[in-house]
Amino acid sequence: MTVDVDEGEFVRLTGSYRRELLVFCYSMLGSAEDAEDLVQETYLRAWRSFGGFEGRSSPRTWLYRIATNRCMTALERRERRPMPSGLGGPAEDPETPLTTDPRVVWLQPLPEVVPGDPATVVERRDGVRLALVAAMQHLSARQRAVLILREVLAWRAAEAAEVLGMTPTAVNSALQHARARLGRAAAVEEDLTEPAEAGRRALLGRYVKAFENADVAGLVALLHEDAVMEMPPYLTWFAGRAAVTGFLRRRCLTTPGRFRMVPVSANGQPAAAAYEREPDGIYRAHGVQVLTVRGGAISRIDAFLDPGLPSAFGLPATA
């Protein structure tokens with residue numbers, strides 16, 4: 001029997017999946033902005049076809065089928081979104097000039113969900129960690145969809161097959177190919193151990209304090225010896241604690257009070273929105289830094305130098 005087009009019924013059946021779909025579309029596209037647009041388009045298309053929805057599949061499967069098709073169509077027209085380390089080797093000299101390439105469209109971080117949101121369980125899975133989302137950019141659109149549905153959302157092969165219009169056997173085959181292509185990046189993710197919430201807050205607090213106080217020694221104490229720092233939109237990046245802290249000492253942590261940092265969370269990882277003091281004394285948005293923690297120390301600093309990013313985390317343009 002055809003369901004009448006009723007706004008209340010539509011919201012009741014589909015409303016709870018919005019954030020979950022946003023996480024899915026982000027993992028597919030590598031862009032929080034594009035994911036928002038695709039989720040809006042998914043719901044618009046679902047609303048327009050709601051009168052013909054006969055309940056042959058669950059509302060969740062129906063929405064994912066629409067979202068997956070829209071994401072795969074979008075990916076046909078777009079280049080992958082890399083991080084700097086995916087385009088070249090690290091700089092060895094902290095004085096190396098920072099270079100950009102306006103043709104590159106970069107991976108973006110995903111703001112954390114609010115506490116208590118059911119999608120928190122999904123978002124904290126490995127599938128939205130920055131390193132893995134960056135690695136997934138090397139997969140085909142269909143391989144990404146299979147990997148996310150099967151391993152991030154933990155769908156059965158038959159459920160994923162229904163969404164993708166494939167057989168369960170083909171889904172499992174695509175999953176094996178996706179795992180093989182991820183290779184080393186996936187293996188690194190398996191070694192990551194996120195600290196308990198109290199430890200996570202404490203580590204982030206120490207990082208924020210060191211950065212605000214231009215305390216290079218304090219920062220050194222927080223970093224792994226093989227720590228990496230990347231700074232989209234700059235192609236230049238640094239590997240090794242000495243190179244990272246050498247760059248920060250010379251270019252960023254020159255004066256205490258130059259930066260103010262606001263703790264946030266992105267991709268299920270500790271992060272901080274950075275505000276830089278300008279000549280007029282006002283602290284203006286500078287970007288968002290996402291930390292990767294391994295064994296109780298920071299192994300990566302992904303500093304997204306985009307003044308518009310803090311607003312995506314609900315923060316003002318000035319601090």
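- Heavy-atom neighbours of Gln176 CD from other residues, nucleotides or ligands within 6.0 Å: above the threshold of 12.
- In summary, the side chains of Asp34 and Tyr26 do not present any donor paired with an acceptor at a separation below 3.5 Å, with no hydrogens or angles considered.
- Here Asp226 pairs with Arg294 in a salt bridge; the nearest charged N to carboxylate O distance falls below 4.0 Å.
- Judged by distance alone, the side chain of Glu79 and the main-chain N or O of Val104 form no donor-acceptor pair under 3.5 Å.
- By the 4.5 Å heavy-atom criterion applied to side chains, Leu248 and Met229 are counted as neighbours.
- Applying the salt bridge (Lys or Arg N to Asp or Glu O under 4.0 Å) test to residues at least two apart or on different chains, the pairs with a partner in residues 241-250 are Glu95-Arg250.
- When all heavy atoms are compared, the tightest approach of Tyr234 to Pro84 is O-CG, 3.3 Å.
- Asp306 CG to Ser311 OG: the interatomic distance, rounded to the nearest 0.5 Å, is 8.0 Å.
- Here CZ of Arg181 is found 12.0 Å from CG of Leu147. Values are rounded to the nearest 0.5 Å.
- Tyr207 is linked by a ring pair (Phe, Tyr, Trp, His ring centres under 6.0 Å) to Phe211, counting only residues two or more places apart in sequence or in another chain.
- For the side chain to side chain contact (heavy atoms under 4.5 Å, CB included) criterion with Ile301, the lone passing option out of Leu291, Val228, Leu222 is Leu291.
- The cationic atom of Arg18 (NZ for Lys, CZ for Arg) lies less than 6.0 Å from the six-membered ring centre of Tyr43 and within 45° of the ring axis.
- Among residues at least two apart or in separate chains, salt bridge (Lys or Arg N to Asp or Glu O under 4.0 Å) pairs with a member in residues 253-269 are Arg258-Glu276.
- Inspection of the Arg200 and Ser265 side chains reveals an N or O donor paired with an N or O acceptor under 3.5 Å.
- Ion pairing of Arg179 with Glu151 is present here, as a side-chain N (NZ or NE/NH1/NH2) and a carboxylate O approach within less than 4.0 Å.
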